[in-house]
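Worksheet: one structure, shown below.
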Amino acid sequence: QVQLVESGGGLVQPGGSLRLSCATSGSIFSHYAMAWYRQAPGKQRELVAGIRSGGSTNYPDSVKGRFTISRDNVKNTVYLQMNSLKPEDTAVYYCNSHFVPQFPWGQGTQVTVSS
């Protein structure tokens, strides 16, 4: 069974940057489109970035131009580079497969943007 372990979150000032990592177990990683999601308190989980197995990416307008998703199919890891962070980016960030999350959710990693 695929396991997802997110890391790299923390407290950062507005305008700062963070790089999140999602390590996965299982050799099937390279076959899946993967994505990062986030959930803020009192809100539904939302997609923030997706990347297909071939490398094409998609982002919602709220993060486009600020966030970059990438993947390393050798290390079975997906990354999220977040720049120009805003207070509204504060949330717990998770990774999972794209389109329809198919794997058990990991613990997520907390990102707090505050001065």
Side-chain angles (χ1 to χ4, degrees):
Q1 185 173 355
V2 173
Q3 292 184 316
L4 306 169
V5 180
E6 301 92 348
S7 63
L11 173 64
V12 63
Q13 293 186 342
S17 298
L18 283 174
R19 189 193 192 207
L20 308 184
S21 298
C22 172
T24 71
S25 62
S27 60
I28 60 174
F29 168 80
S30 63
H31 300 290
Y32 281 84
M34 296 296 294
W36 282 94
Y37 303 82
R38 68 185 179 189
Q39 188 167 21
K43 295 187 176 181
Q44 288 190 333
R45 193 170 291 169
E46 63 175 352
L47 175 76
V48 294
I51 185 166
R52 290 163 173 78
S53 57
S56 60
T57 59
N58 61 281
Y59 307 90
D61 289 343
S62 58
V63 307
K64 194 173 294 183
R66 300 189 298 122
F67 290 11
T68 303
I69 188 172
S70 60
R71 66 190 297 159
D72 185 329
N73 289 339
V74 174
K75 295 182 178 179
N76 292 340
T77 301
V78 61
Y79 304 98
L80 184 68
Q81 178 67 43
M82 305 187 295
N83 299 328
S84 302
L85 283 161
K86 305 175 180 180
E88 51 263 44
D89 295 319
T90 295
V92 180
Y93 285 70
Y94 304 85
C95 67
N96 211 311
S97 55
H98 197 0
F99 306 112
V100 178
Q102 300 185 44
F103 307 129
W105 292 96
Q107 82 288 349
T109 186
Q110 175 71 47
V111 172
T112 303
V113 185
S114 175
S115 55

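Along the sequence shown, residues carry numbers from 1.
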Can you name the nearest heavy-atom pair linking [X] to [Y], along with the distance?
| X | Y | value |
| --- | --- | --- |
| Val2 | Pro104 | O-CD, 3.7 Å |
| Ala91 | Gln110 | O-NE2, 3.4 Å |
| Ser114 | Pro14 | C-CD, 3.6 Å |

| request: Decide if atom CD of Glu88 counts as having more than 12 heavy atoms of other residues, nucleotides or ligands within a radius under 6.0 Å. | output: yes
Looking at [X] and [Y], would you say the former's side chain and the latter's main chain have a donor-acceptor pair under 3.5 Å?
| X | Y | value |
| --- | --- | --- |
| Thr90 | Val113 | yes |
| Thr24 | Asn76 | yes |
| Thr109 | Glu6 | no |
| Asn96 | Gln102 | yes |

Are [Y] and [X] connected in a single hydrophobic cluster, I mean Ile/Leu/Val/Met/Phe/Trp/Tyr linked by side-chain heavy atoms less than 4.5 Å apart?
| X | Y | value |
| --- | --- | --- |
| Leu85 | Tyr59 | yes |
| Val78 | Phe103 | yes |
| Leu47 | Phe99 | no |
| Ile69 | Tyr94 | no |

| task | Would you check, one step at a time, whether the test side-chain contact (heavy atoms from CB on, under 4.5 Å) holds for Arg19 with Tyr79? | result | CA-CA 7 Å; Arg19 189 193 192 207; Tyr79 304 98; 3.6 Å; yes
| request: Please assess Gln81 against Ser17 for the test side-chain contact (heavy atoms from CB on, under 4.5 Å), listing each intermediate value before the final yes or no. | output: CA-CA 7 Å; Gln81 178 67 43; Ser17 298; 4.0 Å; yes
Separation of [Y] [atom2] from [X] [atom1] (nearest 0.5 Å):
| X | Y | atom1 | atom2 | answer |
| --- | --- | --- | --- | --- |
| Thr57 | Met34 | OG1 | CE | 15.0 Å |
| Ser84 | Arg66 | OG | CZ | 7.0 Å |
| Cys95 | Tyr37 | SG | OH | 9.5 Å |
| Cys22 | Arg71 | SG | CZ | 10.5 Å |

| request: Determine, step by step, whether Val5 and Gln107 satisfy the side-chain contact (heavy atoms from CB on, under 4.5 Å) criterion, reporting the C-alpha distance in whole Å, the side-chain angles of both residues, the deciding distance to 0.1 Å, and the verdict. | output: CA-CA 7 Å; Val5 180; Gln107 82 288 349; 4.3 Å; yes
| query | Taking the six-membered ring where the residue is Trp, are the ring centres of Trp36 and Phe67 under 6.0 Å apart? | reply |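 Aromatic pair excluded; centres sit 6.0 Å or further apart.
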| message | Just so I know, are the side chains of Asp89 and Arg38 near enough to count as touching, which here means a heavy-atom distance under 4.5 Å? | response | yes
| task | Could you walk me through whether Met82 and Leu20 pass side-chain contact (heavy atoms from CB on, under 4.5 Å), step by step? | result | CA-CA 8 Å; Met82 305 187 295; Leu20 308 184; 3.8 Å; yes
